[in-house]
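The sequence lines fix the lettering, A, B, ..., with proteins before strands; numbering per chain opens at 1.
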2 protein chains.
Amino acid sequence: MNRFLSNATNRIDAKGRVSVPSTFRAVLAQAAVSELYAWQDFVFPAVSMAGPEVLDRFERMIGSQDPFSAEANKMSLLIHGGGVFMKLDGEGRLLVTDFIRDFTGITDRVTFAGRGDHFQLWEPAAFEEMQSRARKERTAIS
Amino acid sequence: MNRFLSNATNRIDAKGRVSVPSTFRAVLAQAAVSELYAWQDFVFPAVSMAGPEVLDRFERMIGSQDPFSAEANKMSLLIHGGGVFMKLDGEGRLLVTDFIRDFTGITDRVTFAGRGDHFQLWEPAAFEEMQSRARKERTAIS
DNA sequence: TGGGCCACCATGGGCGTCAATGGGAACCAG
DNA sequence: CTGGTTCCCATTGACGCCCATGGTGGCCCA
């Protein structure tokens, strides 16, 4: 499998580490990604992660917009100013920093959610809530 | 036969596994599907399964939107974050995870229902109920 | 047409492997 | 010297893979 799919919830240990699900690690390994780029989602209280190549994509995206628009401005602020590089330890765990905790509300457990070309870290309850709400909206539409 | 038809109810064993009906497995085998994409139905309390090509279809749907819009984000949350890849064991069984149980209410038995290009997992009583209701409604109309 | 044989499918369970988790100890930086 | 990391090793519980069994339906033959 070559994309990030499904979701899983893992526990944060006493040292503040959490295991990235092995399915996600497999995707990263296949893409030969050793360092992760992390940023804050534009819509939800979640932190997104992917290989550094997403930076290129974001920059193209911003470049294609009106450089003076509020949207492009905000996006650049988040991408460039709010992005962080992270790496996994030998066991495939990452350190849950305050950067992540503050924005997501994560305390002791993390829900990893696949998003196709990247994955996200959520506070478990917030993820449940958002997902069921999104489902309801879709149901209402169809 | 190249589509999923009819329904059958199988028992979940002590390890939480359930056999996929052989007629369905035959359809999968013919389509050379080894990994199943599963998602939660948008209307009923049932989990749907099919080959990975439905995921492509969903993704095209998302791709036709502004990739940074809240709408596309929400849809990806359901499709990617709410979808799971599952594979069958050597005997053609699948593991009934909490992902399935929580959404369907399944406990010890599963009703498999063919839906043409995919099939669904139902809690047996819920399936009965839904079917008889659908039948009544049709009768009332004609 | 009835009986029996056989194949296949649903089900049960053993066992090895690997992922998730926990914790010790070395290492670095302030 | 001290707090925070990083690297390594241990544990355990879940899952994948494999083989066994039994029941049922279909098929063949008398």
* Asked: Any ion pair linking A/Glu129 and A/Arg133 (charged N to carboxylate O, less than 4.0 Å)?
  -> yes
On DNA chain D, more 5' by nearest nucleotide between B/Lys87 and A/Arg17 is A/Arg17
Ordered by number, residues from residues 96-114 of chain A within less than 4.0 Å of DNA chain C (heavy atoms) are none
Sorted by chain and number, sequence neighbours left out, ring-ring contact (aromatic ring centres under 6.0 Å, His included) with B/Phe127 holds for B/Trp122
Atom CG of A/Leu94 and atom C1' of D/dG4 are separated, to the nearest Å, by 17 Å
Rounded to whole Å, CG of B/Leu88 lies from C1' of D/dC15 at a distance of 14 Å
Tested for side chain to side chain contact (heavy atoms under 4.5 Å, CB included) against B/Leu121, the lone hit among B/Thr111, B/Asp41, B/Val110 is B/Val110
According to the interplanar angle, ranging from 0 to 90°, do the rings of A/Phe119 and A/Phe112 count as parallel (below 30°), tilted (30 to 60°) or perpendicular (above 60°)?
-> tilted
Review point. Got a donor-acceptor contact below 3.5 angstrom from the A/Arg135 side chain to the B/Gln40 backbone?
Key: no
| query | Relative to each other, are the rings of A/Phe58 and A/Trp39 parallel, tilted or perpendicular (30° and 60° limits)? | reply | perpendicular
- Query: Between B/Glu123 and B/Thr104, does a side chain to side chain donor-acceptor pair (under 3.5 Å) hold up when you go through it step by step?
  - Reply: CA-CA 6 Å; B/Glu123 197 284 314; B/Thr104 60; over 6 Å; no
Residues pairing under salt bridge (Lys or Arg N to Asp or Glu O under 4.0 Å) where one sits in residues 11-35 of chain A, two or more places apart or in two chains, turn out to be A/Asp13-A/Arg17, A/Asp13-A/Arg93
Donor-acceptor contact below 3.5 Å, side chain A/Asp98 vs main chain A/Arg101:
no
Whole-Å distance, A/Leu95 CG to D/dG3 P, equals 18 Å
Sorted by chain and number, sequence neighbours left out, ring-ring contact (aromatic ring centres under 6.0 Å, His included) with B/His80 holds for none
Side chain to side chain contact (heavy atoms under 4.5 Å, CB included) test vs B/Val18 passes for just one of B/Ile100, B/Thr9, B/Val96, namely B/Val96
Taken to the nearest whole Å, CG/B/Asp89 to P/C/dG12 is 13 Å
note: A/Glu35, atom CD; D/dT6, atom P; distance rounded to Å ~ 12 Å
Below 3.5 Å is the cut-off: list the nitrogen or oxygen pairs between protein and nucleotides 7-11 of chain C, distance only.
{"unit_1": "C/dA10", "atom_1": "OP1", "unit_2": "B/Ser22", "atom_2": "N", "d": "3.3"}
{"unit_1": "C/dA10", "atom_1": "OP2", "unit_2": "B/Arg25", "atom_2": "NH1", "d": "3.2"}
{"unit_1": "C/dT11", "atom_1": "OP1", "unit_2": "B/Arg11", "atom_2": "N", "d": "3.3"}
{"unit_1": "C/dT11", "atom_1": "OP2", "unit_2": "B/Arg11", "atom_2": "N", "d": "3.3"}

In B/S/- notation (B base, S sugar-phosphate only, - none; protein heavy atoms under 4.0 Å), nucleotides 25-30 of chain C written 5' to 3' is B-----
